[in-house]
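Input: a single structure, listed below in structure tokens.
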Amino acid sequence: MAAAPTTEDLAQLEARVRTALDSGDYSSLRIIGFGEISVGFGWPDSEPAWVCKRSPAFTEAEFSAYRDLVTSYVAELRATGIDVVDTDVLSVRRTHDTIGYLVQPLLPHETLGREVLRSSEPDAEHPFILAVAETVGHPSP
């Protein structure tokens with residue numbers, strides 16, 4: 001697996017994102033998916049091993065609070081026994097703001113919850129549904 005992207009790698013990615021936003025041409029970006037508030041970019045482009053989820057712009061103080069919140073949230077989930085994918089919270093400073101990136105290993109598409117359910121017949125007793133209900137309803141101490 002390729003090494004995780006560095007802050008310098010993310011700065012180069014952010015420059016390409018800015019160019020794409022300005023030009024409307026996204027062909028230079030390896031878009032992995034669209035989330036609720038972010039776009040996930042594959043890194044490296046040639047054979048993505050990591051997904052870099054771009055945040056909206058923050059002030060430096062807002063980014064610091066965001067980073068602390070995400071880090072705390074992941075730690076709290078792990079403390080309850082939930083297996084959370086490794087997540088780094090990095091930033092790219094721009095002239096007037098800061099862009100955050102959540103960097104995570106790229107998981108096989110077919111292992112994502114929505115894909116597990118999409119490839120199955122609807123079933124309230126599906127093992128995935130039962131595991132989520134058990135974890136949410138009765139987390140470990």
Side-chain angles (χ1 to χ4, degrees), residues 1-124 126-141:
M1 175 191 283
T6 64
T7 302
E8 293 79 21
D9 294 326
L10 292 176
Q12 292 174 7
L13 173 60
E14 181 60 24
R16 291 181 18 234
V17 168
R18 291 302 321 156
T19 298
L21 289 171
D22 291 343
S23 70
D25 178 4
Y26 301 93
S27 62
S28 71
L29 299 170
R30 182 73 177 258
I31 297 175
I32 298 296
F34 297 93
E36 296 295 322
I37 62 167
S38 66
V39 176
F41 300 100
W43 192 91
D45 289 335
S46 58
E47 288 186 49
W50 301 88
V51 61
C52 305
K53 299 174 181 177
R54 184 181 186 267
S55 75
F58 292 111
T59 65
E60 190 61 32
E62 290 168 338
F63 173 76
S64 180
Y66 171 74
R67 181 191 59 232
D68 293 348
L69 180 66
V70 170
T71 302
S72 173
Y73 180 62
V74 168
E76 287 179 29
L77 289 172
R78 286 183 174 150
T80 68
I82 296 173
D83 186 19
V84 180
V85 68
D86 290 338
T87 303
D88 288 325
V89 187
L90 304 174
S91 66
V92 174
R93 295 189 82 189
R94 302 189 307 180
T95 305
H96 301 292
D97 57 21
T98 299
I99 300 295
Y101 281 90
L102 295 181
V103 178
Q104 300 171 318
L106 182 63
L107 301 175
H109 185 73
E110 65 276 5
T111 66
L112 301 178
R114 69 175 187 203
E115 296 307 317
V116 169
L117 293 175
R118 185 178 290 161
S119 66
S120 304
E121 291 295 319
D123 179 4
H126 189 284
F128 180 81
I129 297 294
L130 295 176
V132 169
E134 177 65 23
T135 301
V136 172
H138 305 286
S140 303

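Sequence positions, counted from 1, serve as the residue numbers for this chain.
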Q: For residues His126 and Glu121, determine if any side-chain heavy atom of one lies less than 4.5 Å from a side-chain heavy atom of the other.
A: no
I'd like a table of donor-acceptor pairs (distance under 3.5 Å, sequence neighbours excluded) in which one partner is a side-chain atom from residues 55-63, with atom names and distances.
| unit_1 | atom_1 | unit_2 | atom_2 | d |
| --- | --- | --- | --- | --- |
| Ser55 | OG | Gly100 | N | 2.9 |
| Ser55 | OG | Gly100 | O | 3.2 |
| Thr59 | OG1 | Glu62 | N | 3.0 |
| Thr59 | OG1 | Glu62 | OE1 | 3.4 |
| Glu60 | OE1 | Arg93 | NE | 3.1 |
| Glu60 | OE1 | Thr98 | OG1 | 2.9 |
| Glu62 | OE1 | Thr59 | N | 2.8 |

Q.
To check you understand the geometry: which heavy-atom pair defines the closest contact between Arg78 and Val85, and what is its length?
A. NH2-O, 3.4 Å
Q. Any donor-acceptor pair under 3.5 Å linking the side chain of Trp50 with the backbone of Ala2?
A. yes
Q: Could you verify whether a donor N or O on one side chain and an acceptor N or O on the other, from Thr80 and Glu76, lie under 3.5 Å apart?
A: no
Q | Distance in Å, Leu69 CG paired with Ser64 OG, rounded so as to fall on 0.5 Å steps | A | 11.0 Å
**Q.** Over all atoms of both residues, closest heavy-atom pair of Ala11 and Val92
**A.** N-CG2, 3.7 Å
Q) Mind checking whether Leu13 and Pro5 have side chains closer than 4.5 Å, heavy atoms only? A) no
Q. Does the side chain of Thr6 come under 3.5 Å of the side chain of Asp9 through a donor N or O and an acceptor N or O?
A. yes
Q) Can you tell me how far the CG atom of Asp68 sits from the OH atom of Tyr66, to the nearest 0.5 Å? A) 12.0 Å
Q | Within 6.0 angstrom of Glu47 CD, more than 12 heavy atoms from elsewhere | A | no
**Q.** From CZ (Arg114) to NE2 (His109), nearest 0.5 Å
**A.** 6.0 Å
Q: Decide yes or no for Leu10 and Ile99: does some side-chain heavy atom of the first lie under 4.5 Å from some side-chain heavy atom of the second?
A: no
(Q) Minimum heavy-atom separation for Thr111 and Pro108, please, with both atom names. (A) OG1-O, 2.6 Å
(Q) If we ignore hydrogens and angles and just use 3.5 Å, is the side chain of Thr71 paired with the main-chain N or O of Arg67 as donor and acceptor? (A) yes
Q) Any donor-acceptor pair under 3.5 Å linking the side chain of Ser91 with the backbone of Val89? A) no
For a quick test of your reading: what N or O donor-acceptor pairs under 3.5 Å do the side chains of residues 22-36 make, sequence neighbours left out?
| unit_1 | atom_1 | unit_2 | atom_2 | d |
| --- | --- | --- | --- | --- |
| Ser23 | OG | Thr19 | O | 3.0 |
| Ser23 | OG | Asp25 | N | 3.1 |
| Asp25 | OD1 | Ser27 | N | 3.0 |
| Asp25 | OD1 | Ser27 | OG | 2.7 |
| Asp25 | OD2 | Ser27 | OG | 3.4 |
| Arg30 | NH1 | Asp45 | O | 2.6 |

